[in-house]
Amino acid sequence: MPATYPVHAIEAADIPRGADPADQHLLDVYASEVNKTASVWHAFDAATLDFRPHPKSTSVGDTFKHELLSGRRFFGEFLGLPEPEAISVVPDPITVDAAVGRLADLARARLPHLARGSRAWWDEPVKFFDVERSRAWVFWRRILHSAHHRTQLTVYLRLLDRPVPPIYGPTADVSWSGADPTRTVDAAQRP
């Protein structure tokens with residue numbers, strides 16, 4: 001059963017088939033992560049874009065901007081995909097809907113290029129800042145980078161006393177029949 005998220009920036013039917021079936025999970029995970037990020041971003045509104053819990057923290061809007069720009073850099077500079085000019089990546093003005101829409105548009109454009117990647121392409125070493133890593137390694141680093149900022153923003157939602165959307169399962173705000181969070185030793189030891 002495909003995972004469901006509050007926001008479907010990329011539908012399952014829109015995920016292309018990979019050149020190597022063994023790499024299909026890369027495309028599926030990328031689309032899923034974009035949907036998770038879009039769901040968290042969509043939990044904010046115009047009144048919260050300038051929120052930062054501490055003077056040294058990044059604001060919500062600046063986190064959106066960073067994610068869009070760093071995504072362009074990871075996929076363009078490091079993975080070698082065609083990307084739009086950096087000046088055109090961040091919506092102006094930046095709003096929640098515009099940022100979510102831009103995130104989805106960029107991801108949809110990347111998926112066909114990722115799908116064409118052969119095993120040799122994914123395994124090829126590429127420059128990553130001051131080191132070389134395989135494209136697959138850089139890709140997973142991107143996923144982790146986005147998860148880090150998504151988690152940062154879920155903390156912001158909690159500090160704002162806003163509901164946290166269910167992206168990996170139920171939250172304190174959203175649950176459903178059949179949800180089975182692992183909060184006890186008994187739940188963790190099930191076969």
Side-chain angles (χ1 to χ4, degrees), residues 1-42 58 62-92 94 96-154 165-169 182:
M1 181 173 97
T4 57
Y5 305 103
V7 175
H8 291 273
I10 300 174
E11 297 292 339
D14 296 330
I15 304 169
R17 299 294 93 197
D20 184 338
D23 293 327
Q24 186 61 42
H25 68 286
L26 299 167
L27 305 169
D28 296 339
V29 165
Y30 179 57
S32 171
E33 292 297 311
V34 168
N35 287 337
K36 290 174 182 114
T37 298
S39 295
V40 169
W41 288 13
H42 213 269
T58 306
D62 283 344
T63 303
F64 291 0
K65 179 180 176 181
H66 167 71
E67 271 294 283
L68 293 169
L69 290 171
S70 67
R72 186 218 178 268
R73 186 171 187 197
F74 267 73
F75 286 100
E77 180 181 344
F78 303 139
L79 293 181
L81 272 60
E83 288 285 319
E85 292 296 320
I87 192 81
S88 69
V89 169
V90 179
D92 185 22
I94 192 161
V96 172
D97 286 341
V100 168
R102 192 65 175 135
L103 175 75
D105 291 344
L106 290 166
R108 276 191 223 96
R110 292 172 183 140
L111 279 167
H113 298 285
L114 295 171
R116 287 192 287 273
S118 65
R119 171 59 17 217
W121 183 84
W122 282 105
D123 289 342
E124 182 181 4
V126 294
K127 187 166 177 54
F128 180 71
F129 297 104
D130 60 345
V131 297
E132 282 196 354
R133 298 287 189 262
S134 72
R135 276 194 179 92
W137 187 96
V138 173
F139 173 83
W140 286 112
R141 182 67 176 256
R142 179 70 217 165
I143 296 298
L144 294 171
H145 182 94
S146 293
H148 155 74
H149 287 297
R150 192 170 58 240
T151 302
Q152 171 191 6
L153 292 176
T154 61
I167 54 173
Y168 289 109
T182 308

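Values in this document were obtained by computation on a predicted structure and should not be read as measured data. For reference, positions follow the sequence shown, starting with 1.
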My understanding is that only one of Phe78, Phe128, Trp121, Trp122 makes a ring-ring contact (aromatic ring centres under 6.0 Å, His included) with Phe139; could you say which? Trp122
To the nearest 0.5 Å, atom CG of Leu103 lies from atom OG of Ser146 at 8.0 Å
Might you point out which heavy atoms bring Ser39 and Pro165 nearest each other, and give the distance in Å? O-CG, 3.7 Å
Neighbour count >12 (heavy atoms, 6.0 Å) for atom CZ, Arg119: yes
Has Ser32 got a side-chain atom pairing as donor or acceptor with Asp28's backbone, closer than 3.5 angstrom? no
Determine whether Arg73 and Phe129 satisfy the following criterion, side-chain contact (heavy atoms from CB on, under 4.5 Å), listing intermediate values before the conclusion. CA-CA 10 Å; Arg73 186 171 187 197; Phe129 297 104; 3.4 Å; yes
Give a yes or no on this: more than 12 heavy atoms of other residues, nucleotides or ligands lie within 6.0 Å of atom CG of Leu144. yes
Of all the heavy-atom pairs spanning Val89 and Pro84, show the shortest one and how long it is. CG2-CG, 4.1 Å
Output for pair (Arg116 CZ, Arg17 CZ), nearest 0.5 Å, gives 15.0 Å
Least distance between heavy atoms, Ala9 atom then Asn35 atom: N-OD1, 2.8 Å
Show the numbers, then the answer: is there a side-chain contact (heavy atoms from CB on, under 4.5 Å) between Thr63 and Lys65? CA-CA 5 Å; Thr63 303; Lys65 179 180 176 181; over 6 Å; no
Side chains of Thr37 and Glu67: donor-acceptor distance under 3.5 Å anywhere? no
Check the pair Gln24, Ile15 against side-chain contact (heavy atoms from CB on, under 4.5 Å), reporting the backbone distance first and the verdict last. CA-CA 9 Å; Gln24 186 61 42; Ile15 304 169; 3.9 Å; yes
Under 4.0 Å between a side-chain nitrogen and a carboxylate oxygen: does that hold for Glu33 and Arg150? yes
May I have the step-by-step check of side-chain contact (heavy atoms from CB on, under 4.5 Å) for Leu106 and Glu83, ending in yes or no? CA-CA 8 Å; Leu106 290 166; Glu83 288 285 319; 4.3 Å; yes
Check for me whether Arg142 meets the cation-pi criterion with Phe74, that is, NZ or CZ under 6.0 Å from the six-membered ring centre and within 45 degrees of the ring axis. yes
Salt-bridge test for Glu124 and Arg135: reply yes if a basic N is under 4.0 Å from a carboxylate O, no otherwise. yes
